[in-house]
Amino acid sequence: MRALPVGDRALLVELADGAQAQALHAELLRRRATGALRVREIVPAARTVLLDGLDDPGSVRAQLPGWEIPPLPAHAGAALEIPVRYEGPDLAEVAAHWGVAESEVARIHSAAEYRVAFCGFAPGFGYLTGLPDGRSVPRRTTPRTSVPAGSVALAGTYTGVYPRASPGGWQLIGSTDAVLWDHARVPAALLAPGVRVRFVAVER
Amino acid sequence: MTDRAFAVVRAGALTTVQDGGRPGHAHLGVPRSGALDQPAARLVNRLVGNSPDAAVLETTLDGCALRPRRPVTVAVGGAPCPVTVDGRPAPWGAAVRVPAGALLDVGAARSGVRSYLAFDGGVRVDPVLGSRSTDLLSGLGPPPLTTGAVLPLGSPSGSHARVDTAPQPAPPRELVLRVALGPRADWFTPAALHTLATRAYRVSSASNRIGLRTEGPALVRAFPGELPSEGMVLGAVQVPPDGRPVVFLADHPTTGGYPVVAVVREPDLAAAAQAVPGTPVRFVATGWR
């Protein structure tokens, strides 16, 4: 773990891998909830957690190495279920990349358990980890100018669901009617960092 | 909607509703947003007796024109510009009473980019996640003003402004941005860091509320490769593959994958919001931590 100063109010904490970043994120939320840590934004990402809006980043930076950070329990609690129609336009391409039949893509993807590692790109767009080893896929060489809202997509080792129509270069394997973003809801994002997810295959 | 409202007669190139922004939601991918020149927005609010974070209008280069349905007190600040009420000159940087049905015209900026209009009672569009700000990156908040639109105003608080006029900084002829190096300064060669700290850049016309883009010598990376996505702060100086620094402003994305070579001091960003394309930019590495 390494904490890098970012301007005068923030720290970027760098971890060895994504699992450690998710564990630190959970620990930071715990500490903020108890009042032990005062910070405006806790922004997890692929291998880092940003702490923005700290009164005294220097003292947090000095304390961090002494913290005990428990690893995340793998399967604790209920996972949110998201129904998916696995009939996306890139199903054949993903199947070819994995060397399996198209029908297998749905089985492989829905058998795994996911966790929202971080958000970005658009409000409520979550980057979900949990795709089995060896199942990463490249981005499309030419991004689509418009991907429909609710598209379930893969890129690298991540799964994501587009909260609204937007351009995008991820491989589309399916779609859902789940409401990913509703600013009147708390939290507004269905897929907020830390949320565990299962994708359930459904017919049209 | 009550009659406390105004109709948009001329929307201008880009006029948006802005307040103190919506911090606290970056982890959901929500930009902070808010007025780019916060001191100017707070000052015009004070001039009409509002709280400093009340929603105002932010114009871009060519102002806007409005017709209030009820008498309102208005103050215009930020980028200096001509102000008229029914064609008669009115003061800039001071409270002005606009009668019901009169045409308030905020002209093109004489210098600077963004003028701010405060109305007593504030613009009362529905808040989204605690803020009335327009977020151009993600489309949260009200859309930019369009001609013919009608926007509601709140009720005046009844408190009187404690100032009649107040000094405002002139838009910069040269933009000096104090930066602290890092968090990814080690992704660049020592020569690149020297270039950043010593050479002159210019404000690019591709700048917007998301970022102040610059033109100038490219910063050379110490090694190739991709940086996994990580959290971004206001004022981050991100360096895309073309090597030209981009300073992240209020509508910046909350995570990103290009290395951040340095971070601009927050108090220096108001001047960045007022720097017209072509303005010389200097990044000054300081020990301000």
Side-chain angles (χ1 to χ4, degrees), chain A residues 2-15 17-18 21 25 28-29 39-53 57-58 116-127 156-158 163-166 180-181 183-194, chain B residues 21-33 126-131 135 137-141 178-187 226-237 247-248 252-257 259-269 286-289:
Chain A
R2 187 167 74 125
L4 305 168
V6 181
D8 63 349
R9 299 290 307 279
L11 286 178
L12 184 70
V13 189
E14 204 175 35
L15 289 307
D17 56 33
H25 174 239
L28 289 165
L29 293 182
V39 58
R40 192 178 60 235
E41 311 267 11
I42 300 174
V43 188
R47 286 210 307 257
T48 57
V49 183
L50 175 73
L51 298 174
D52 192 10
V116 183
F118 61 99
C119 288
F121 171 63
F125 187 95
Y127 291 72
T157 58
Y158 295 111
R164 57 179 183 137
S166 56
L180 278 302
W181 175 262
H183 63 247
R185 186 174 60 192
V186 179
L190 187 66
L191 301 181
Chain B
R22 49 178 72 83
H25 306 282
H27 62 290
L28 301 180
V30 176
R32 79 171 56 214
S33 205
D126 289 337
V128 174
L129 298 177
S131 166
D135 168 358
L137 180 68
S138 50
L140 299 183
R178 290 166 293 177
V179 298
L181 292 179
R184 299 296 179 192
D186 58 348
W187 279 57
E226 285 187 35
L227 183 68
S229 197
E230 60 191 27
M232 293 285 144
V233 299
L234 183 68
V237 183
V247 179
F248 274 173
H252 71 85
T254 67
T255 57
V260 171
V261 66
V263 178
V264 177
R265 281 197 78 170
E266 196 165 327
D268 293 2
L269 293 174
T286 65
W288 50 270
R289 279 189 60 77

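Computed over heavy atoms, backbone and side chain alike; hydrogens, waters and symmetry mates excluded.
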Chain A interface, residue from B/V233, B/D135, B/L129, B/V30 that has the most non-hydrogen pairs under 4.5 Å
B/V233
Quick one: list whatever passes side-chain contact (heavy atoms from CB on, under 4.5 Å) with B/S131, sequence neighbours left out.
B/D19, B/R22, B/S133
Residues A/F118, A/Y158; criterion ring-ring contact (aromatic ring centres under 6.0 Å, His included); working and verdict
CA-CA 10 Å; A/F118 61 99; A/Y158 295 111; 5.6 Å; yes
So for A/A192, is it side chain, backbone, both, or neither that comes closer than 4.5 Å to the heavy atoms of chain B?
both
Using non-hydrogen atoms only, which part of B/L140 is less than 4.5 Å away from chain A: side chain, backbone, both, or neither?
side chain
Please classify the contact between A/R185 and chain B as side chain, backbone, both or neither, with a heavy-atom cut-off of under 4.5 Å.
neither
Got a sec, which residues hit ring-ring contact (aromatic ring centres under 6.0 Å, His included) with B/F248, two or more places apart in sequence or on another chain?
B/H252
Using the rule side chain to side chain contact (heavy atoms under 4.5 Å, CB included), only one of B/D186, B/V237, B/L227 pairs with B/P259; which is it?
B/L227
Interface moiety of B/P23 toward chain A, non-hydrogen atoms closer than 4.5 Å:
both
Please work out whether the ring planes of B/H25 and B/H27 are parallel, tilted or perpendicular, with thresholds of 30° and 60°.
parallel
Region of A/L12 in contact with chain B, defined by heavy-atom distances below 4.5 Å:
side chain
Name the option with the most non-hydrogen atom pairs under 4.5 Å to chain B; the candidates are A/V116, A/L191, A/T48, A/V39.
A/T48
